[in-house]
Colleague: 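Got a structure for you, questions after.
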2 protein chains.
Amino acid sequence: MTTTNRLSWKDVRDEIHDAILSGRYGPGDRLPRDADIAEEMKCARSTVQRAMQDLSDSGLVERRRKGGTRVRAHPVTRATLDIPITRREVEQKGGRYGHQLIRRTQMDAPRSVMATFELTEPRPMLRVEALHLSDGRPYIFEDRWISLDTVPEMIDLDLTTQSANEWLVLNKPYNRCDLRFYAISADAQLAEVLDTAPGAALFVIERTTWTDSAPITTVKAITAPGYQLLTRS
Amino acid sequence: MTTTNRLSWKDVRDEIHDAILSGRYGPGDRLPRDADIAEEMKCARSTVQRAMQDLSDSGLVERRRKGGTRVRAHPVTRATLDIPITRREVEQKGGRYGHQLIRRTQMDAPRSVMATFELTEPRPMLRVEALHLSDGRPYIFEDRWISLDTVPEMIDLDLTTQSANEWLVLNKPYNRCDLRFYAISADAQLAEVLDTAPGAALFVIERTTWTDSAPITTVKAITAPGYQLLTRS
DNA sequence: TGACAAATTAAGTAGCGACAAAATACGGTT
DNA sequence: AACCGTATTTTGTCGCTACTTAATTTGTCA
């Protein structure tokens, strides 16, 4: 009685994965071609292809046409992050969300913003400084620049009812997104806005988005002390 | 003359993507079933499947058997990070890598480590404190716990020639990896090790790895001031 | 020997068909 | 109306074939 013993691509993936981490194939080594593995494991090449694609996505192996598949010489830890809309993040943690518009300025992009957007000359921007609150306490302070070339409708929006964060994510999907993480010390002004002591260590998420090389927005999300960002489960 | 006009799954993906962000389908809306889209776009269902799978991976839509495909009600920014071995990271930035073993202790897991590993009782661990250097200057200080149950061979390793970071990544691949990012203020001890002022804001990468629910290692990588983590290009 | 062209190789993609698995919808029974 | 089992629907997966594309290797000619 042969129970339905068809190999799933995940089985194939795990088997190859095990083979690599058992040392059968070391960093830089070339693996057999898909077709041979398929024959050996008695499955279709397409199944091996899917397994290999997954291993390639997860950073364990590298694949090249004609070159075959080889174990990455310099392995990396690859992780995926989900960054939700801030309102959603607060609510999912069980907090009551609030937000305050602090300042709203219209001016040309300064050098630093030009640099992050890879612009060669100043363009009109909207600068929005706002505070996200959780249960009435400061949660994230965001300092945002929005390209008025790309998002002219932003001028007429009332940013006190809906945060720029939320409006943009819902209405201006992007093609390209760069993230940058680091820590800063709270200066006097930040300390006051975030209701903490000057000098406190703050975790910063900097995000820049484009659609087809047209800049949309760049934002420094300066989190209140104690904030942690986790990889998605 | 009909040039070879077969649709690629990326074309299908982009078309659906555009349809969503043009507002034809809003958050929460249900998309047509794969088969219908395939017919409409004159391609095979498998092509649509691949396109949809990709959109699902990137966080734009959610798919459920029988439930169909719908636009995510709460969109997220999804990003992928590559964290290389520290030596590799330093060298790729053009720095000269060095590393110092600061302390090496054998003891049972304290409560905090038990918690991150989801252990119910203390187990023997190796604690390794080490400093990574770039051009002779402190780069990352790592405070690491290694499970001796899972990695007993660690006891006999000479951690002065090869860092625990490098040995583990090369020799102990993992199944599961949790990451956590946040900021801390340098205390007197950290300030001294990282050659900075007490109170400086430091970016911390905390990483915990398992293989099949057996804990391998957990490490706090405390970066020197100015360190930034970027999403992969 | 060196440079360019051609052949070869191995992954990538498209299509088709069939079946599996998971949700949901439905319908009957109490 | 509540509960439970069954049918249906829709995505997920596997296998097979054929063709495409990118690299590398080989071969040829100057």
Side-chain angles (χ1 to χ4, degrees), chain A residues 1-17 19-20 24-25 27-73 78 80 233, chain B residues 1-17 19-20 24-25 27-73 80:
Chain A
M1 200 224 38
T2 68
T3 48
T4 163
N5 259 341
R6 247 179 12 183
L7 279 181
S8 120
W9 66 267
K10 288 181 182 174
D11 298 331
V12 176
R13 178 197 59 186
D14 292 344
E15 196 148 323
I16 299 168
H17 189 267
I20 290 170
R24 184 137 32 119
Y25 302 100
D29 284 2
R30 181 168 172 177
L31 298 167
R33 33 195 281 261
D34 292 6
D36 291 344
I37 293 179
E39 194 181 4
E40 194 187 336
M41 298 185 63
K42 296 189 196 311
C43 65
R45 179 165 81 92
S46 52
T47 306
V48 178
Q49 158 79 21
R50 247 170 306 194
M52 285 299 201
Q53 201 51 254
D54 193 64
L55 290 171
S56 172
D57 287 345
S58 73
L60 191 64
V61 303
E62 277 171 331
R63 283 160 75 72
R64 290 164 66 178
R65 284 166 153 146
K66 164 89 188 188
T69 307
R70 35 189 74 237
V71 181
R72 268 183 92 106
R78 186 163 291 176
T80 305
S233 44
Chain B
M1 200 222 47
T2 68
T3 47
T4 162
N5 259 341
R6 248 180 10 187
L7 279 181
S8 122
W9 65 268
K10 288 180 182 174
D11 298 331
V12 175
R13 178 197 58 187
D14 291 344
E15 196 148 325
I16 298 168
H17 189 267
I20 290 171
R24 185 138 30 124
Y25 303 100
D29 285 1
R30 180 168 173 176
L31 299 169
R33 31 193 284 260
D34 291 6
D36 290 345
I37 292 180
E39 194 180 1
E40 194 186 336
M41 298 185 62
K42 296 190 195 312
C43 66
R45 179 167 81 91
S46 52
T47 306
V48 178
Q49 158 78 22
R50 248 171 303 192
M52 286 298 202
Q53 202 50 255
D54 192 64
L55 290 171
S56 173
D57 288 345
S58 73
L60 191 64
V61 303
E62 277 172 331
R63 284 161 75 72
R64 290 166 68 177
R65 283 164 155 146
K66 166 88 186 184
T69 307
R70 35 188 76 238
V71 181
R72 268 183 92 107
T80 304

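Bear in mind the structure is a predicted one, so any value in this text is a computation, not a measurement. Quick note on labels: first sequence line is chain A, next is B, and so on, each numbered from 1.
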Colleague: For D:dT10, does the base pair up with any side-chain atom of B:Arg33 as donor and acceptor (N or O, under 3.5 Å, distance only)?
Modeller: no

Colleague: Indicate yes or no for a side-chain donor-acceptor contact from A:Asp11 to the backbone of A:Ser8 under 3.5 Å, with no hydrogens or angles considered.
Modeller: yes

Colleague: Check every atom of D:dT11, D:dT13, C:dA10 against the side chain of B:Asp34 and return the nucleotide holding the closest atom.
Modeller: D:dT11

Colleague: Return the nearest nucleotide to the side chain of B:Ser8; candidates are C:dA14, C:dA10, D:dG12.
Modeller: C:dA14

Colleague: In whole angstrom, what separates B:Leu31's CG from D:dT10's C1'?
Modeller: 13 Å

Colleague: Which one, D:dT10, D:dT25, D:dT13, comes nearest to the side chain of A:Lys66?
Modeller: D:dT25

Colleague: Would you mind reading off the distance between B:Gln53 atom CD and D:dG12 atom C1', rounded to a whole angstrom?
Modeller: 8 Å

Colleague: Within the structure shown, what part of the strands sits under 4.0 Å from B:Ser46 by heavy-atom distance: base, sugar-phosphate, or nothing?
Modeller: base

Colleague: Less than 4.0 angstrom between a side-chain N/O of B:Arg63 and OP1 or OP2 of D:dG12, yes or no?
Modeller: yes

Colleague: Test your reading of the model: is there a side-chain donor-acceptor pair from A:Arg63 to the backbone of A:Thr69, 3.5 Å cut-off?
Modeller: no

Colleague: Just N and O in the side chain of A:Gln49: are any of them under 4.0 Å from OP1 or OP2 of C:dA11?
Modeller: no

Colleague: By nearest atom, which of the nucleotides C:dA11, D:dG15, D:dG12 is closest to the A:Thr69 side chain?
Modeller: C:dA11

Colleague: With rounding to the nearest 0.5 Å, note down the distance linking CZ in B:Arg13 to CD in B:Glu15.
Modeller: 12.5 Å

Colleague: Is A:Thr47 close enough to D:dG15 that one of its side-chain N or O atoms is under 4.0 Å from OP1 or OP2 there?
Modeller: yes

Colleague: Which residue is it: A:Met41, A:Arg33, A:Glu39? I am looking for the one with a side chain to side chain contact (heavy atoms under 4.5 Å, CB included) to A:Ile37.
Modeller: A:Met41

Colleague: For the pair made of CG in A:Asp54 and P in C:dA11, what is the distance, rounded to whole Å?
Modeller: 16 Å

Colleague: Just the rounded figure in Å: distance from P of C:dC19 to CZ of B:Arg45.
Modeller: 14 Å

Colleague: For the side chain of A:Arg64 and the base of C:dG12, is some donor closer than 3.5 Å to an acceptor across the two?
Modeller: no

Colleague: Does any donor-acceptor pair link the side chain of B:Arg50 with the base of C:dG12 at a separation under 3.5 Å?
Modeller: no

Colleague: Confirm from the modelled atom types if B:Arg65 and D:dT10 form a donor-acceptor pair under 3.5 Å, side chain to base only.
Modeller: no

Colleague: Does B:Leu60 reach the side chain of B:Ile20, with side-chain heavy atoms less than 4.5 Å apart?
Modeller: yes

Colleague: In this structure, how many angstroms lie between the C1' atom of C:dA10 and the CD atom of A:Glu39, rounded?
Modeller: 15 Å

Colleague: Distance check needed: D:dT20 P versus B:Leu7 CG, whole Å only.
Modeller: 16 Å

Colleague: Is any side-chain heavy atom of A:Met52 less than 4.5 Å from a side-chain heavy atom of A:Leu31?
Modeller: yes

Colleague: Base, sugar-phosphate or nothing for A:Gly68? Non-hydrogen atoms, less than 4.0 Å.
Modeller: sugar-phosphate

Colleague: Please give, in whole Å, the distance from C:dT24 C1' to B:Arg70 CZ?
Modeller: 12 Å

Colleague: Please report the distance, rounded to the nearest Å, between CE in B:Met52 and C1' in D:dT10.
Modeller: 12 Å

